[in-house]
Amino acid sequence: MKQTIATLLSRAIESLAGGELPAETAGIVPHIERTRDPQHGDFATNVAMSMSRVARKSPREIAGLIVAALPSSELVAGVEIAGPGFINFRLAPLARQEEIRSIHATGNAYGRNESGEGQQVIVEFVSANPTGPLHVGHGRHAAYGATVANLLEACGYKVHREYYVNDAGRQMDILAASVWLRYLELGGESFSFPSNGYRGGYVREIAAALRERESSRLHRSSEQVLEGVPADAPDGDREAHIDGVIANMRGLLGEADYRIVLDGGLAGILGDIREDLEQFGVTMDRWFSERGLTESGLVADIIEKLRDDGLAYEKDGALWFRASDFGDDKDRVLVRENGQTTYVASDIAYHLDKRRRGFDTLLDVLGADHHGYVARVRAGLEALGEPGSCLEVRMVQFAVLYRGGEKVQMSTRSGDFVTLRELREEVGDDAARLFYVLRSNDQHLDFDLELAKSRTADNPVYYIQYAHARICSVFRQLHEKDMGWSLTAGLAALHLLAEEHESALMTGLSRYPEVVELGAANRAPQTLVHYLRDLAYDFHTYYNSHTFLVEQDDLRSARLALISAARIVIRNGLALLGVSAPESM
RNA sequence: GCCCCGGUAGCUCAGUAGGAUAGAGCGUCCGCCUCCUAAGCGGAAGGUCGCAGGUUCGACUCCUGCCCGGGGCACCA
């Protein structure tokens with residue numbers, strides 16, 4: 001619909017450019033928006049005001065020229081110049097009727113568009129360290145990333161969803177040690193568990209599975225494990241303590257068996273995360289292993305390249321990347337004094353790999369606490385000859401759970417944190433998916449558990465779903481009352497729908513494609529949620545003021561054609577959000 | 001100290017490239033079920049868009065400074 005107006009305007013401007021308006025105005029793409037006040041019609045453009053400087057004419061004068069040059073259209077009922085130079089368009093009822101026909105004709109594809117022009121975008125999100133189950137913060141990343149990916153896909157982008165698995169580094173060694181120690185406990189050993197180890201119940205489960213597979217083959221005595229290990233906190237140093245345990249473990253088991261324990265822990269946790277996400281409606285196209293990046297030699301390659309290009313230097317026994325030459329605050333270590341590469345090196349290699357796989361846009365969804373990471377990865381990409389602008393980062397602020405006005409405490413220590421799985425079980429997947437994207441990603445989220453569970457109008461999930469269920473219910477009533485209807489007849493009789501509530505609902509429906517496009521362009525799923533709430537409102541008001549199942553055949557069919565169009569749009573919108581559209585509630 | 005996010009109605013938040021009289025939900029107050037689901041609908045009250053400058057025909061929106069809240073500034077990831 002908006003497109004129709006855009007086309008008319010462009011034609012008018014083209015015909016004027018080089019004549020009554022300067023030639024430069026030909027290329028101007030008019031900005032068109034919905035009016036806020038119905039008195040101003042349906043759409044408005046400020047194009048006359050924005051070109052007044054170039055055209056050296058007053059906005060109202062330009063508006064007059066454009067309006068005069070506008071091709072006539074049966075979809076536009078009126079055009080007027082208002083205020084400082086707005087051009088307002090009032091749509092003919094036919095335009096809204098055509099949109100309802102279009103909804104029925106395109107069905108599940110209604111709202112999809114090609115604004116993405118087939119650009120390849122990789123959306124990396126969640127990417128939580130595989131050291132334990134996902135918690136509620138990751139849930140927001142999952143819901144946000146998945147919804148943005150869905151929106152982009154609906155706009156014709158080629159989307160790839162990816163989870164970067166940090167399966168290298170010290171925290172994996174700590175995980176391996178934690179699993180092994182629990183395994184030893186199951187074999188009858190007793191000792192105090194390292195304060196720095198992973199204490200969650202899931203570690204015991206993984207240890208039990210390891211026991212199942214390996215029996216007592218990997219058993220060693222606690223004396224052997226703790227031999228020469230510095231004391232743990234509070235008396236000693238917890239880091240030194242766990243490192244000592246890890247070192248002994250590697251020595252006692254040998255590298256192959258050490259790897260068996262570590263991989264068992266990794267596989268157990270990743271399996272859990274994957275299942276959790278899939279049940280949450282979030283499916284990754286690929287789980288990209290950090291370790292694989294090192295093993296393939298890419299990390300070594302980029303380090304060598306940077307060194308060869310003079311973009312890395314030795315200092316204090318480490319190898320530093322000149323990140324500050326590329327806009328970062330300071331230079332970054334690529335290779336530590338101990339010879340190990342850093343996560344910065346892996347991250348740069350990883351993002352270069354994304355580019356090599358052909359992605360135009362690298363969209364990273366990161367926690368607010370990772371914003372410092374952006375400058376160094378971008379610096380790395382630029383140093384390797386890639387445009388820094390290909391990296392787009394969206395921050396997700398923290399989510400805080402509330403239960404009846406009380407903040408729910410979350411602590412990652414001691415393993416009593418609230419997991420995503422617990423949240424999903426408590427409020428349900430639909431409520432969780434929608435609540436997570438209810439607010440802008442830039443905004444801290446207060447997640448009210450009681451509200452998410454409540455079955456009242458306050459709860460946007462139920463409010464929207466209820467509109468869908470109600471429409472389905474009307475069709476069930478239709479059959480119970482033994483009345484009939486015909487979509488063809490209904491679409492032919494749409495001109496009968498002249499009530500205020502009816503045109504409001506039609507206008508609401510016709511906005512959907514614009515909302516999808518805008519939501520994708522701004523990576524802003526909350527736009528879609530707010531829209532669906534408004535649309536549900538338009539429906540509920542209509543429902544309350546008019547009976548659909550009337551005796552008059554053509555009117556009944558027209559109304560049912562309208563509400564079934566609403567059903568299609570609600571269903572499509574909820575699908576993008578990953579929320580179900582129940583037929584009854 | 002530097003960097004990132006936020007500050008809009010009592011509360012939680014929207015606000016599309018700078019546009020016309022700043023919106024929604026909740027809460028508060030007043031109404032509506034012999035009728036397709038009251039998980040709903042109608043109405044009312046409620047604002048110095050953190051503060052101060054600047055840019056222009058026009059600023060919640062852009063720029064500068066300041067105040068408040070959250071987060072980050074590792075040879076951890």
Side-chain angles (χ1 to χ4, degrees), chain A residues 29 31 33-37 39-40 44 46 49-50 52 58-59 82-86 88 127-129 131 164 166 168-172 239 290 315-320 329-330 332-338 340-344 346-347 367-375 393 395-398 402 405 438-446 448 451 454-463 465-467 469-471 473-478 480-481 483 514-515 517-519 521-522 524 526-527 529-530 533-534 536-537 539-550 563 584-585:
Chain A
V29 181
H31 177 235
E33 57 184 27
R34 291 273 175 178
T35 58
R36 287 181 201 155
D37 186 341
Q39 283 181 5
H40 299 139
N46 64 350
M49 288 180 280
S50 59
S52 82
S58 81
F86 290 104
N88 293 336
S127 298
N129 285 338
T131 53
Y164 181 58
N166 292 115
R170 200 171 90 102
Q171 85 272 353
M172 291 312 299
E239 305 294 341
E290 178 187 4
K315 193 183 90 181
D316 303 332
L319 184 73
W320 297 70
D329 292 344
K330 46 185 117 169
R332 305 290 169 179
V333 171
L334 294 171
V335 184
R336 282 180 269 185
E337 204 175 353
N338 67 11
Q340 287 181 343
T341 58
T342 60
Y343 73 92
V344 178
S346 297
D347 286 339
D369 53 340
H370 278 65
H371 94 270
Y373 154 114
V374 181
V393 177
M395 299 295 176
V396 175
Q397 297 289 331
F398 296 140
Y402 285 83
L438 193 54
R439 305 301 175 212
S440 158
N441 55 294
D442 281 336
Q443 192 80 237
H444 287 250
L445 175 70
D446 289 338
D448 186 335
L451 179 61
S454 79
R455 314 212 144 200
T456 65
D458 327 359
N459 185 342
V461 184
Y462 286 96
Y463 188 81
Q465 288 184 323
Y466 182 43
R470 246 184 173 177
I471 295 168
S473 170
V474 170
F475 281 90
R476 283 193 296 273
Q477 282 292 320
L478 178 77
E480 279 173 29
K481 293 189 174 175
M483 295 171 114
E514 296 155 32
V515 170
E517 191 175 334
L518 189 66
N522 295 344
Q526 79 276 10
T527 312
V529 181
H530 291 291
R533 213 211 164 272
D534 290 345
Y537 169 79
F539 169 75
H540 287 305
T541 350
Y542 179 34
Y543 178 96
N544 263 60
S545 52
H546 296 284
T547 304
F548 307 147
L549 302 179
V550 292
I563 66 167
S584 67
M585 294 173 71

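So that the names make sense, note that chain A is the first sequence line, chain B the second, and so on, each numbered from 1.
Side-chain atoms of Ser584(A) lie closest to rU37(B) of the nucleotides rU37(B), rA20(B), rG42(B). Nearest to the side chain of Gln171(A), among rC41(B), rA77(B), rU37(B), sits rA77(B). In the set rU37(B), rC76(B), rG6(B), rC76(B) carries the atom at the smallest distance from any side-chain atom of Arg336(A). Proximity note for Tyr466(A) (side chain, C-beta onward) versus rC75(B), rU37(B), rG71(B): the nearest is rU37(B). Among the nucleotides rC75(B), rG71(B), rG25(B), the one closest to any side-chain atom of Asp316(A) is rC75(B). Ranking rC5(B), rG71(B), rU37(B) by closeness to the Arg470(A) side chain, first place goes to rU37(B). Side-chain atoms of Lys330(A) lie closest to rC73(B) of the nucleotides rC73(B), rC60(B), rC36(B). For Tyr543(A), whose side chain is taken as the heavy atoms from C-beta onward, the closest listed nucleotide among rA77(B), rC36(B), rA20(B) is rC36(B).
Here the NE2-CD1 distance, from His546(A) to Ile563(A), works out to 13.0 Å after rounding to the nearest 0.5 Å. From Gln397(A), atom CD reaches atom CG of Asp442(A) across 6.5 Å, with rounding to the nearest 0.5 Å. In this structure, Asn166(A) CG and Met172(A) CE are separated by 9.5 Å, a value rounded to the nearest 0.5 Å.
Nucleotides rC49(B) and rG23(B) place their C1' atoms 12 Å apart, quoted to the nearest Å. For the P atom pair drawn from rA39(B) and rC26(B), the interatomic distance equals 15 Å after rounding to whole Å. The P atoms of rU48(B) and rC29(B) are separated by 23 Å, rounded to the nearest whole Å. Rounded to a whole angstrom, the distance from the C1' atom of rG31(B) to that of rA20(B) is 34 Å.
Looking at heavy atoms from C-beta onward, Phe398(A) lies in side-chain contact with Asp369(A) at the 4.5 angstrom threshold. The shortest distance between side-chain heavy atoms of Thr342(A) and Arg336(A) falls below 4.5 Å.
When the nearest nucleotides of RNA chain B are assigned to Arg170(A) and Lys481(A) by heavy-atom distance, the more 5′-ward of the two goes with Lys481(A). Each of Gln39(A) and Thr547(A) has a nearest nucleotide on RNA chain B; the 5'-most of these lies closest to Gln39(A).
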Could you go over nucleotides 10-14 of chain B and give all protein N or O partners under 3.5 Å, atom names and distances?
residue	atom	partner	partner atom	Å
rU12(B)	O3'	Asp446(A)	OD2	3.4
rU12(B)	O2'	Arg439(A)	NH2	3.0
rC13(B)	OP1	His444(A)	O	3.1
rC13(B)	O2'	Arg439(A)	NH1	2.8
rA14(B)	OP1	Ser440(A)	N	2.7
rA14(B)	OP2	Gln443(A)	NE2	3.0

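Thr131(A) and Gln171(A) share no side-chain donor-acceptor pair at under 3.5 Å.
Counting any heavy atom pair closer than 4.0 Å across all strands shown, Ala368(A) reaches sugar-phosphate atoms only and no base atom. Contact annotation for Thr541(A): backbone-only contact, meaning every heavy-atom pair under 4.0 Å involves sugar-phosphate atoms and none involves a base. At the heavy-atom level, Ala44(A) lies under 4.0 Å from base atoms of the strands shown. Ala82(A) comes within contact range of at least one nucleobase, with a heavy-atom separation under 4.0 Å. When heavy atoms are screened at a 4.0 angstrom cut-off, Met585(A) is found touching base atoms of the nucleic acid.
Across every non-hydrogen atom of Pro84(A) and Met49(A), the tightest pair is CG-SD, 3.8 Å.
An aromatic stacking contact links Phe86(A) with the base of rA20(B), defined here by ring centres under 5.5 Å apart and ring planes under 30° from parallel. Remark: ring of His371(A) does not overlap the six-membered base ring of rG71(B) in a stacked fashion, as centroids less than 5.5 Å apart with planes less than 30° apart are not both met.
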Derivation of the side-chain contact (heavy atoms from CB on, under 4.5 Å) call for Asn46(A) and Phe86(A)
CA-CA 5 Å; Asn46(A) 64 350; Phe86(A) 290 104; 4.2 Å; yes

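Ring pair Phe539(A)/Phe548(A) is tilted by interplanar angle, where 30° to 60° counts as tilted.
Classified by its glycosidic torsion, rC30(B) falls in the anti category, the angle being over 90° from 0.
Put simply, the side chain of Asn459(A) gets close to the backbone of Leu451(A): a donor and an acceptor are under 3.5 Å apart. In this structure, the side chain of Thr541(A) engages the main chain of Tyr537(A) through a donor-acceptor pair within 3.5 Å.
Annotated stems with RNA chain B as a participant read B:1-7 with B:67-73, B:10-13 with B:23-26, B:28-32 with B:40-44, B:50-54 with B:62-66, given as range with range, by first number; only runs of 3 or more Watson-Crick or G-U pairs under 3.5 Å qualify.
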